[in-house]
Amino acid sequence: SHRMQDEDDTGASETDTRSAGIRTIWQMTPILSFNGRFGTTRTVETEFGIKDVREGGEIAANLTLDRPNGNWGLSYDRSLTDVGTQSSLVVSRELGLPRGGEIRTSLGVTHMPSGEHYAIGSLGFQRDTRRGNLNLSYNRSVQVNSDDDEVIRDRIRASYGEELPWGGRWAVSGSLFASDFTDPAQDDLTTGQVSFNYDMPLTRDWDLSSGISLRETREEGSSADRESTFFVSLQRSFQFRP
């Protein structure tokens, strides 16, 4: 693949990225499979005639072991960021529960371009109720953002929805997203959101959708920024026959 990007009309800032690689899927045994990609990437950023070259190998490899009550997984990922190479090693487990439930969990470590190591992982729970579905999840990751800062990101999400007897559906969800910058000079961010949605068929061809969401963003050392959104929409479906 070859991608070029100009950020302005003068051509003073240009990014040229070239990647090549190979991907393989191998069913090693009836219960053990391998899915991997191995490649190399070269990125050249030119700004006012000054070139910054970044190149390196990239790996995405995953082993999956099928078990009767869920899968085990082992993955290794090595990617090239704007400030260096980031590598992660993660062990994952999917566990089926009685009555339609499922637990998904992972635990690993990531090595950042700064040389620091951080623990990463996730935990998810899903269960089908008699009329709806419940989802709970937590995820921790470490990433390099667009400003080349290393950020620890924690996400907590919860949602529940039910089917209604007359064909409608309602759902409520909430999330909490926290960004913790490893650089003490940067201000941390926290965002929370609560949403409610309602869908109902009016006739065979007309459907109504509506919802409301409340969102609050708080930056360290600043007052909270709040916003709310409400929407109502009508949808008309058509069927054409020859």
Side-chain angles (χ1 to χ4, degrees), residues 21-39 57-81 85-112 116-144 150-165 167-180 190-197 199:
I22 183 172
R23 183 186 178 197
T24 179
I25 300 174
W26 178 22
Q27 191 70 39
M28 303 169 66
T29 71
I31 63 172
L32 183 64
S33 61
F34 174 80
N35 189 332
R37 181 189 181 278
F38 310 91
E58 294 188 318
I59 301 173
N62 183 62
L63 278 171
T64 302
L65 179 65
D66 295 330
R67 302 306 299 159
N69 62 343
N71 301 333
W72 283 93
L74 176 64
S75 63
Y76 174 75
D77 184 87
R78 184 180 189 269
S79 58
L80 189 65
T81 71
T85 301
Q86 178 179 350
S87 303
S88 301
L89 182 66
V90 176
V91 177
S92 61
R93 175 71 163 127
E94 296 179 1
L95 183 62
L97 300 176
R99 292 176 294 179
E102 183 183 58
I103 291 179
R104 303 175 304 276
T105 182
S106 68
L107 184 64
V109 61
T110 184
H111 176 75
M112 301 301 293
E116 296 292 333
H117 292 79
Y118 298 94
I120 57 175
S122 64
L123 178 63
F125 172 79
Q126 182 268 330
R127 177 178 289 280
D128 294 328
T129 65
R130 186 169 58 182
R131 293 194 304 178
N133 182 271
L134 173 67
N135 284 277
L136 303 171
S137 67
Y138 167 77
N139 177 271
R140 164 165 282 205
S141 63
V142 186
Q143 299 173 352
V144 177
E150 295 181 1
V151 188
I152 302 173
R153 291 176 170 167
D154 292 290
R155 295 180 176 91
I156 300 175
R157 296 174 179 170
S159 65
Y160 179 76
E162 276 193 3
E163 304 292 336
L164 299 173
R169 176 178 174 83
W170 69 268
V172 61
S173 63
S175 64
L176 184 65
F177 180 30
S179 296
D180 182 10
T190 304
T191 301
Q193 180 170 324
V194 177
S195 302
F196 178 82
N197 295 86
D199 301 310

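Values below: all heavy atoms of this structure, side chains included; hydrogens, waters and symmetry mates excluded.
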J.: Looking at OH of Tyr118 and CE of Met112, how far apart are the two atoms once the value is rounded to the nearest 0.5 Å?
T.: 7.0 Å
J.: Atom CG in Leu65, atom OG in Ser92: separation rounded to 0.5 Å?
T.: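 Interatomic distance, Leu65 CG to Ser92 OG, rounded to 0.5 Å: 10.5 Å.
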J.: With the side chain counted from C-beta on, respond yes when Thr105 and Leu123 share a heavy-atom pair under 4.5 Å apart, and no when they do not.
T.: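 A side-chain contact exists here, since the closest heavy-atom pair is under 4.5 Å.
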J.: Say you draw a straight line from OH of Tyr76 to CG of Leu89; how long is it, rounded to the nearest 0.5 Å?
T.: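 Spacing of OH (Tyr76) from CG (Leu89) equals 8.0 Å.
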J.: Would you call the rings of Phe196 and Trp170 parallel, tilted or perpendicular if under 30° counts as parallel and over 60° as perpendicular?
T.: parallel
J.: For a quick test of reading the model, state the closest non-hydrogen atom pair linking Asn62 to Ser75 and the distance between them.
T.: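 So the two residues come closest at OD1-CB, 3.4 Å.
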J.: To the nearest 0.5 Å, what is the distance between OG1 (Thr64) and CD1 (Ile31)?
T.: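 Thr64 atom OG1 to Ile31 atom CD1 measures 11.5 Å (nearest 0.5 Å).
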J.: Give the minimum heavy-atom separation between Gly161 and Arg169, together with the two atoms involved.
T.: CA-NH2, 3.6 Å
J.: Thr110 and Ser88: which non-hydrogen atoms are nearest, and at how many Å?
T.: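 Closest heavy-atom pair between Thr110 and Ser88: OG1-OG, 2.9 Å.
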J.: Given 3.5 Å as the limit, does a donor-acceptor pair link the side chain of Ser106 with the main chain of Ser122, or not?
T.: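 It does hold such a pair.
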J.: Could you grab the distance from atom OG1 of Thr191 to atom CG of Leu176, nearest 0.5 Å is fine?
T.: 8.5 Å
J.: Which pair of non-hydrogen atoms, one from Gln86 and one from Gln143, has the smallest distance, and what is that distance?
T.: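 Closest approach of Gln86 to Gln143, heavy atoms only: OE1-CA, 4.5 Å.
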J.: Nearest 0.5 angstrom please: Arg127 CZ to Glu102 CD, how far?
T.: 11.0 Å
J.: Is the number of heavy atoms from other residues, nucleotides or ligands under 6.0 Å of Arg157 CZ greater than 12?
T.: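 No.
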J.: Looking at every non-hydrogen atom in both residues, tell me the closest pair between Ser141 and Ile120 and how far apart they are.
T.: CA-CG2, 4.0 Å
J.: Kindly list each side-chain donor-acceptor pair under 3.5 angstrom involving residues 128-140, sequence neighbours excluded, with atom names and distances?
T.:
from	atom 1	to	atom 2	distance (Å)
Asp128	OD1	Gln126	NE2	2.9
Asp128	OD1	Asn133	ND2	2.5
Thr129	OG1	Gly132	N	2.8
Thr129	OG1	Gly132	O	3.2
Thr129	OG1	Tyr160	OH	3.4
Arg131	NH2	Glu162	OE1	3.1
Asn133	OD1	Asn135	ND2	2.3
Tyr138	OH	Asp154	OD1	2.6
Arg140	NE	Asp154	OD1	2.7
Arg140	NH2	Asp154	OD1	3.3
Arg140	NH2	Asp154	OD2	3.0

J.: Using a strict 4.0 Å threshold on nitrogen-to-oxygen distance, state whether Arg78 and Glu58 make a salt bridge.
T.: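 Looking at Glu58 together with Arg78, the answer is no, because their closest N to O distance does not fall below 4.0 Å.
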